[in-house]
Amino acid sequence: MAFLESSWNLFTNNWDLFVRGAWTALLLAIIGTICGTLIGFFIGIMHTIPKRKKNVKSMLLKVFNFILTAYVEIFRGTPMMVQAMVVFYGLVYLGIDIDRFLAASLVISLNTGAYMAEYVRGGIVSIDKGQFEAAQAIGMNHLQTMIHIVIPQVARNILPATGNQFVMNIKDSSVLSVISVVELFFTANSIAGSNYKYIEAFFIATVLYFIMTFTVTRFLLLFEKKMDGPASYKVELITGNKLEKDGK
Amino acid sequence: MTVVIDINHLNKKFGDHEVLKDVNFQVNKGEVVTLIGSSGSGKSTLLRCINLLETPTAGEIIYNGENILNDGHHIEKYRTHLGMVFQQFNLFNNLDVLNNCMVGQIKVLKRTKEEAQQNAFKYLELVGMSAYKNAKPKHLSGGQKQRVAIARALAMDPDVMLFDEPTSALDPEMVGEVLKVMRHLADQGNTMLIVTHEMEFAKEVSDRIVFMDKGVIVEEGPPEAILVNPSHERTKEFLKRTLR
């Protein structure tokens with residue numbers, strides 16, 4: 001009981017710092033997930049442009065897609081903690097004085113983008129070929145087919161993966177403390193140090209992280225259900241059904 | 001008679017396999033043409049070559065006096081003049097019935113929303129599906145899906161309607177409702193090119209029947225000539241197997 005009391009006291013004395021830290025973590029996760037998803041869709045679309053005749057345009061596309069693939073492989077194959085150090089201190093080395101929060105947002109977005117690119121590519125590949133053909137048959141070009149027909153279906157199908165990524169981002173934002181972004185881990189760590197209360201501070205951080213991830217997971221499940229709509233359809237009005245009337 | 005689509009020396013190879021061999025063939029305005037033949041005879045491939053879902057290996061497809069296989073021809077624009085109905089319906093799963101019939105009109109033909117909606121309703125009424133305007137494809141039976149797919153194609157106001165085995169994926173009791181819609185369209189004077197295995201239906205609606213075998217057109221003519229008095233041995237054999 002003494003532990004809980006001590007934790008509670010630590011929290012009430014520093015609640016504004018904890019909440020601000022948690023908010024920063026959440027904000028990084030939100031930015032990372034949104035920007036990362038956009039990057040993912042962009043790469044997914046670039047990688048699925050149908051190959052037509054060989055000309056300068058298709059060569060440029062090939063080179064560009066190679067660069068995108070390299071980006072995906074590098075960011076998926078290295079720890080985000082290291083990426084944060086390289087990006088932040090790299091920019092400093094180049095004489096670019098970047099805000100720490102901005103650098104953290106950039107790293108988490110690029111990292112998420114690399115993962116989302118694969119989800120999106122898989123999502124596009126798994127869409128029935130008939131959907132593409134039907135869109136082509138009514139005269140849509142590749143971009144129109146993607147925007148109006150394929151992407152909405154892919155977005156729905158990869159929603160669970162996107163939600164998963166969002167939850168991971170909330171947790172993994174903690175590694176961005178290495179570049180001194182004042183998010184929840186960094187906050188907990190400094191409060192722990194200044195009060196000599198390590199276990200209490202990180203217990204509070206644990207609870208706050210869990211509240212955030214649990215809320216987000218529930219919210220996403222509701223959102224998925226809402227997107228799917230009702231399982232059956234009720235005919236509204238039988239009016240002017242010419243063929244139905246004179247037939248059966 | 002005005003020729004709408006004129007196909008000359010069309011050839012299609014999948015790798016080394018020659019699916020279409022020097023096919024010459026016309027579709028006239030207001031005509032209902034049925035392509036028959038056993039599986040693998042190339043009839044579906046021919047239909048898919050016409051709207052370039054398959055790219056022909058050689059030959060020409062003349063539409064409005066222009067060879068659409070020439071470089072730089074606007075393929076997307078050409079396709080809007082052809083309405084395609086697929087065996088597997090291929091309704092857009094993310095859109096409801098009404099929007100399935102509107103998306104092409106709005107995004108490709110650049111019609112206004114009101115215009116598109118009015119036109120979509122007109123054809124949904126025609127196929128008897130207007131009561132389902134807000135249903136998603138997953139809510140519909142196969143026959144209903146196919147009728148919506150027909151309305152979607154018609155809503156683009158195409159010159160020619162292409163049907164690729166429209167009833168082959170349907171339960172037997174749903175075949176009737178789709179054929180009825182197609183019969184109605186034929187009576188209205190639409191130009192239609194149909195790949196089908198429904199011989200009775202072909203006999204009834206066709207102005208001309210084309211029999212294909214192993215990638216070539218063996219013979220073509222009015223239904224009676226082809227189905228009752230075929231002149232080629234291969235046609236006779238095919239009919240013996242299917243008209244039992």
Side-chain angles (χ1 to χ4, degrees), chain A residues 49-55 57-58 123-124 126-159 224-248, chain B residues 48 51-53 55 71 74-97 99-100 103-109 121 124-136 138-140 147 149 152-153 155-156 158 162 164 176-177 180-181 184:
Chain A
I49 290 177
K51 288 174 191 72
R52 285 202 188 158
K53 284 157 203 155
K54 276 187 187 147
N55 53 25
K57 231 165 131 188
S58 72
I124 292 174
S126 69
I127 296 287
D128 179 25
K129 214 173 109 234
Q131 298 284 311
F132 290 87
E133 289 190 348
Q136 283 169 17
I138 59 170
M140 286 190 181
N141 57 34
H142 182 67
L143 193 64
Q144 287 172 325
T145 305
M146 281 293 164
I147 291 173
H148 303 299
I149 308 302
V150 178
I151 295 298
Q153 296 183 44
V154 172
R156 166 63 192 92
N157 292 348
I158 66 168
L159 196 59
E224 255 179 67
K225 263 196 190 144
K226 196 166 181 287
M227 254 185 117
D228 285 345
S232 64
Y233 181 75
K234 262 186 105 171
V235 174
E236 289 167 4
L237 267 176
I238 309 273
T239 50
N241 259 347
K242 286 182 208 153
L243 286 151
E244 209 105 301
K245 256 192 230 156
D246 58 39
K248 292 173 261 180
Chain B
R48 289 167 58 83
N51 70 357
L52 302 183
L53 286 178
T55 314
D71 270 355
H74 202 323
I75 295 172
E76 280 88 14
K77 189 148 189 290
Y78 162 72
R79 280 183 177 140
T80 62
H81 300 296
L82 309 173
M84 180 79 171
V85 177
F86 298 89
Q87 185 177 350
Q88 299 294 343
F89 332 123
N90 297 346
L91 289 182
F92 301 132
N93 291 327
N94 57 318
L95 301 176
D96 63 19
V97 165
N99 278 304
N100 258 283
V103 67
Q105 296 188 69
I106 293 172
K107 303 299 174 190
V108 181
L109 299 180
F121 263 120
L124 282 173
E125 295 247 318
L126 180 84
V127 301
M129 285 300 293
S130 56
Y132 292 85
K133 62 178 177 358
N134 295 326
K136 285 285 185 78
K138 67 175 176 186
H139 298 134
L140 306 177
R147 286 189 281 152
R152 172 178 69 181
M156 301 291 287
L162 309 174
D164 187 8
E177 62 186 85
K180 194 159 152 194
V181 169
H184 183 68

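Letters A, B, ... mirror the listed sequences (proteins, then strands); counts begin at 1.
Taking 4.5 Å as the limit, every side-chain heavy atom of A:Gln136 sits out of range of all side-chain heavy atoms of A:Met140.
Per-residue counts of heavy-atom pairs under 4.5 Å with chain A were compared for B:His81, B:Arg48, B:Arg152; the largest is that of B:Arg48. Highest contact tally toward chain A, considering only B:Leu162, B:Val108, B:Val85, is held by B:Val108 [criterion: heavy-atom pairs under 4.5 Å]. With chain A as the partner, the residue from B:Asn94, B:Val103, B:Leu109 showing the most heavy-atom pairs under 4.5 Å is B:Asn94. Chain A forms more heavy-atom pairs under 4.5 Å with one residue of B:Asn93, B:Leu82, B:Leu140 than with any other, namely B:Asn93.
B:Arg147 places a side-chain N or O within donor-acceptor distance of the main-chain N or O of B:Val127, the cut-off being under 3.5 Å.
In B:Lys138, the NZ atom is crowded: over 12 heavy atoms of neighbouring residues, nucleotides or ligands sit closer than 6.0 Å.
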**OP:** Evaluate the side-chain contact (heavy atoms from CB on, under 4.5 Å) criterion for residues B:His139 and B:Tyr132: first the C-alpha distance (whole Å), next the side-chain angles of each, then the deciding distance (0.1 Å), finally the verdict.
**Re:** CA-CA 9 Å; B:His139 298 134; B:Tyr132 292 85; over 6 Å; no
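Residue contact with chain A, scored on non-hydrogen atoms closer than 4.5 Å, involves the side chain of B:Phe86 exclusively. A:Asn141 touches chain B through backbone and side chain together, each having a heavy atom under 4.5 Å away. Both the backbone and the side chain of B:Lys107 come within contact range of chain A, judged by heavy atoms closer than 4.5 Å. Heavy atoms of A:Gln144 lying under 4.5 Å from chain B belong exclusively to its side chain.
Listed by chain and residue number, nothing satisfies the salt bridge (Lys or Arg N to Asp or Glu O under 4.0 Å) test with A:Lys226 (two or more places apart in sequence, or in another chain). Contacts of A:Ile127 classified as side chain to side chain contact (heavy atoms under 4.5 Å, CB included), with partners at least two apart in sequence or in another chain: A:Gln131, A:Phe132, A:Val150, A:Gln153, A:Val154, A:Asn157.
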